[in-house]
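This report refers to the structure that appears directly beneath it.
We count residues from 1, following the sequence as given.
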Amino acid sequence: MLKKVLYSFLGIILFFIFAAMGISMMYKNEIKDLITKTANEKLKAKFQFEDASISLLRHFPNLSIEVENSSIIGKNEFKNDTLAQIPKLTIQIAPLAYLLDKNIEIQEVILEQAQFNLIILPSGLMNWDIYQAPPSDSPQEKTDQNMRISLNHYQLIDSKINYIDQMRGFSTQLVQLNHEGSGDFSKDIFTLNTSTEVEKLSFEFLDKTYLSEVKGKLEAPIEMNFAKMEFAFKNNDLYLNELPIHFDAWVAMPDTSIDMDIKFHALKSPLKDFLSLVPLLYQNSFQELQSSGDFALSGYAKGKMNGRSMPGFGMDLRISKGSFSYAKIPVGVKQMELDLQIDNPDGVPDHTIINLKKFQLYMNNQPIQANLFLKTPLSNPYLKASLKGVLNLGEIAKIIPQKNTQMSGTLQSDVQLDGYVQDFKQAKGKANGYFNARQIQYSNSETQQKINIKNAAATINPKSLIISTLEGNVANTEFVASGSLQNYVLYFLKNDKITGNLLLKSPLVDLNSLMGRSTTTATSTAAADLQIPKNIDFTFQSSIGKLLFKDLVISQAKGEIHLADQVISMDDLSFQLANASWKSTGTFSKKDHQNASVNWAFNIQDLNIQEAHKYFSLVQKLAPIAAAAQGKVNVDFTYSGELNPDLSPNIMSTNAQGNMDLIDFNLKNSPSFNQLVSLTQWDQLKNLALKPTHLNFQIKQGRLQFKPFEVQTNLTKFQVNGSNGLDQSLEYTILTDIPAKTLQSDVAASLNQQLAKLNPNLNLEKIQQALKMQIMVSGTVQKPQFKVNVINAQGNSNSSVTTQAKELVKQEAKQQINKQLDEAKAKAESMKKEAEMLSQKLRQEAYANADRLVEEAKNPFAKIAAQKIAERLKKEADRKADALLEEADKKAQELIEKARQN
């Protein structure tokens, strides 16, 4: 398989060479696309490069090829992983060898500043398994079998390799790697002479670091047998810092598995060579370190490694009669004894046994003793361990001086554990002892970090680590805590989840100092590097007097804080901020390689609008008018979205919705509002006072949007609809009624002129009706644009003052005509009623007099005469009464007709 990959890769390169030699440079882009396409057809990954050049003169007679910024990016499970990133790849080939006998003779391959990320997933899938084999009977397969490849020399310059095996739990990192090798790859059996130097070599297993940024050097001839796919390292010496390790190794790759037999040892070496692997010692005046005593190291790795298994391994490490110190420092380490055995016979991680039979040392005559026995570390760890001693940090600082760092104080412990960890969870097994810390002080002048633990005390039992007190400060942040932690053994053994319930009190939490906030850049960097610890599940009942973050001062904060799965949750948290009362529930999440995100619900009472604009970037960007507004608001809303690296809101990802109540709101100090007053010529707007107003809003895709709402004021009501955006754009429509008589200046003069032409008796002062005004707001916050229209009864907007005046006069005239007619009708009706009453009274009086004459007559003749006179009187009365009614009706009709004519 290895040769197939090599053949395929070199075939792509050759295709590029001969295509470029035979085709004009004007087809360079087409060639680049063709090479990329051909490579991607042969790989289960994405291959790409920025540029390439060919020269016969640079290394004549060899053909020189340079490829710039090439990369291989995985697919499917590895789509987010870059397998290889190579800024510069140089290849020298003898072209005549291929032209004459079809042999590929590579003189040299050089990779500069290359980065390789090799990953094995928990399933065993490898990201470098990218060769896509063609069918066995394909022409390409037959060509590969007949092709002979020779390689004289290859080199990696200042490169980096990351190897992560998630299935087996170990990882290796090589930084500033320089490696070269030479040999005849055209042969199946040959010796490959290699030279390797690495500036920083690190190794981790099961989340524990065993080597940290160690220098490595290896000169190794490797016996290569491609026929059997066997490779042997014999009598080689690997240098790790100052420590030489002799090893022999045999590796075979008959199929997808790797068989290996590796042995190494460093017997009876000076202790100082081993101490060079301790970073703090090696990086601090190591040449001045004086030591005595011996150490012995041996180990092995033997077996098969594939997607299902790994080889067995083991290591023995012994230190006897060890001591070390610096000549100028009287304090040192003496009587160091160490006996450590690690053994895994079959490669199954759970079969690993770690046996620290003995560890002891004396520091300034204070003994420290420990032992550890661990088996079945993955399934159900069995642990037998003890730790007893007093550690003086001030003495450590003298023995192992660290640049820019000062520390002091004492740590004391006496603990014993014996049992299975699963039993510990059930309060079984043996676990007892204590930890104490007194006056711990740590400071680093470079990072400005200061930690002070005044007093800490904890005890253990099988189930819990009980913190009776923890008092101190970090930078300006002060705290007092107590509580208990569960599953603490598995957390320290293999980083399993630890749970806890704690009480936390603090008069001051200064997040600015914790994040190193001295400049904007520093804050942004510290915030971007902020990590919420993994594998913890802590619940805090918190009480914080004052919390500082950027320019915000939060006080009287109380509530429950929950940390789990890299998420901080807060439940029913109450606090004071910007002179307002807040209640909130929500989450803050900061996962690996992701921006922080929040999901929150807030209830805010009596928030001053200008305070809101002063402190909150969300208000500054989406409601900048708040800078000139006055008043208070009550807000109840939900908010979610990502945060920028400096923990400010990323508004384009923000989603929010809720309700807002405006209280005592006015815009008298707003230049935009004053511009609107001037444009509408409605001077009374200067005295506009809003009544409490309820708003419903949402923030989405960078815009603050309001549902249509109505604003009641001391002048009139306004109907508002619209939004404004992160780009400062404005889109609002406002409808309102303006009494015509309130208009001033040019608009009023024009209207009065038109009114005088149409009706000399009309002017704005006599008109009571209101103009329906539409205000269109557009442009930006910095340069708002207003368009004011008066709307007629049909809802159409008119831009002509003359047209508006005519319409206004028509409406007013119609109203006045109707009014006069109604008044005439009422007067006519009144006249008719009065005539009716007079005529009725006339008849009543005449009839009464006539009846009295008849009644007063004494004899029959006189009565007959009286009756005739009475009839005459009644007829005369009827005639006069009818005439009165007729006259009144005539006058009423004349009055109505006159009103109509006016």
Side-chain angles (χ1 to χ4, degrees), residues 1-13 15-16 32-52 67-91 109-135 138 140-141 144 154 156-177 179 198 202-205 207 253 255-258 305-310 534 566 591-595:
M1 178 179 173
L2 183 61
K3 278 195 172 184
K4 290 179 180 179
V5 175
L6 191 58
Y7 290 153
S8 180
F9 181 68
L10 294 176
I12 294 168
I13 295 173
F15 179 84
F16 171 64
K32 175 183 174 182
D33 294 341
L34 185 58
I35 294 169
T36 303
K37 179 182 178 182
T38 304
N40 287 322
E41 287 175 352
K42 290 182 173 291
L43 301 175
K44 293 183 288 187
K46 180 182 179 182
F47 169 76
Q48 58 189 20
F49 66 96
E50 186 175 292
D51 200 4
V67 181
E68 296 181 5
N69 294 324
S70 60
S71 63
I72 301 175
I73 302 173
K75 292 183 178 180
N76 301 324
E77 294 87 346
F78 302 104
K79 64 181 180 181
N80 296 322
D81 299 310
T82 300
L83 169 60
Q85 182 77 44
I86 308 171
K88 186 176 181 181
L89 168 65
T90 303
I91 304 172
V109 176
I110 301 176
L111 295 86
E112 299 183 41
Q113 296 182 331
Q115 293 191 34
F116 300 95
N117 298 297
L118 309 177
I119 301 172
I120 301 178
L121 295 179
S123 62
L125 195 63
M126 301 173 290
N127 75 329
W128 65 86
D129 183 14
I130 60 173
Y131 175 67
Q132 192 158 276
S138 68
Q140 178 65 43
E141 180 74 11
D144 290 347
Y154 68 91
L156 276 78
I157 301 174
D158 194 17
S159 295
K160 180 179 180 179
I161 296 177
N162 291 316
Y163 178 85
I164 302 175
D165 188 338
Q166 299 177 4
M167 183 175 69
R168 301 172 184 88
F170 65 82
S171 63
T172 301
Q173 186 179 75
L174 295 89
V175 179
Q176 292 180 256
L177 169 67
H179 170 80
V198 59
S202 301
F203 177 78
E204 293 184 1
F205 179 60
D207 295 320
M253 294 182 286
D255 46 36
T256 56
S257 299
I258 301 175
M305 184 168 71
N306 54 37
R308 299 175 302 278
S309 64
M310 62 183 292
K534 297 180 180 178
Q566 294 187 288
K591 303 285 187 179
D592 292 339
H593 312 299
Q594 295 181 9
N595 289 333

Which pairs would a plain distance check flag for residues 111-121, meaning a side-chain donor or acceptor within less than 3.5 Å of a matching protein atom at least two apart in sequence or in another chain?
unit_1 : atom_1 : unit_2 : atom_2 : d
N117   : OD1    : N162   : ND2    : 3.0
N117   : ND2    : T82    : O      : 3.0

- Task: Could you check if a side-chain atom of K46 sits within less than 4.5 angstrom of a side-chain atom of K79, using non-hydrogen atoms only?
- Result: no
- Task: Please determine which of L89, D51, I86 meets the side chain to side chain contact (heavy atoms under 4.5 Å, CB included) test together with E68.
- Result: D51
Using a 3.5 Å cut-off and no angle test, enumerate the donor-acceptor pairs between side-chain atoms of residues 69-77 and protein atoms at least two apart in sequence or in another chain.
unit_1 : atom_1 : unit_2 : atom_2 : d
N69    : ND2    : E50    : OE1    : 3.2
N69    : ND2    : E50    : OE2    : 3.4
S71    : OG     : Q48    : NE2    : 3.4

- Heavy-atom nearest pair, H179 first then Y154, reads NE2-OH, 2.9 Å
- In Å, rounded to the nearest 0.5 Å, how long is the span from CD1 of I164 to CD of E204? 9.5 Å
- Query: Just how far is it from atom CG of L174 to atom CD of Q176, taken to the nearest 0.5 Å?
  - Reply: 11.5 Å
- For residues F203 and T172, report the shortest heavy-atom separation together with the two atoms involved. CD1-OG1, 3.4 Å
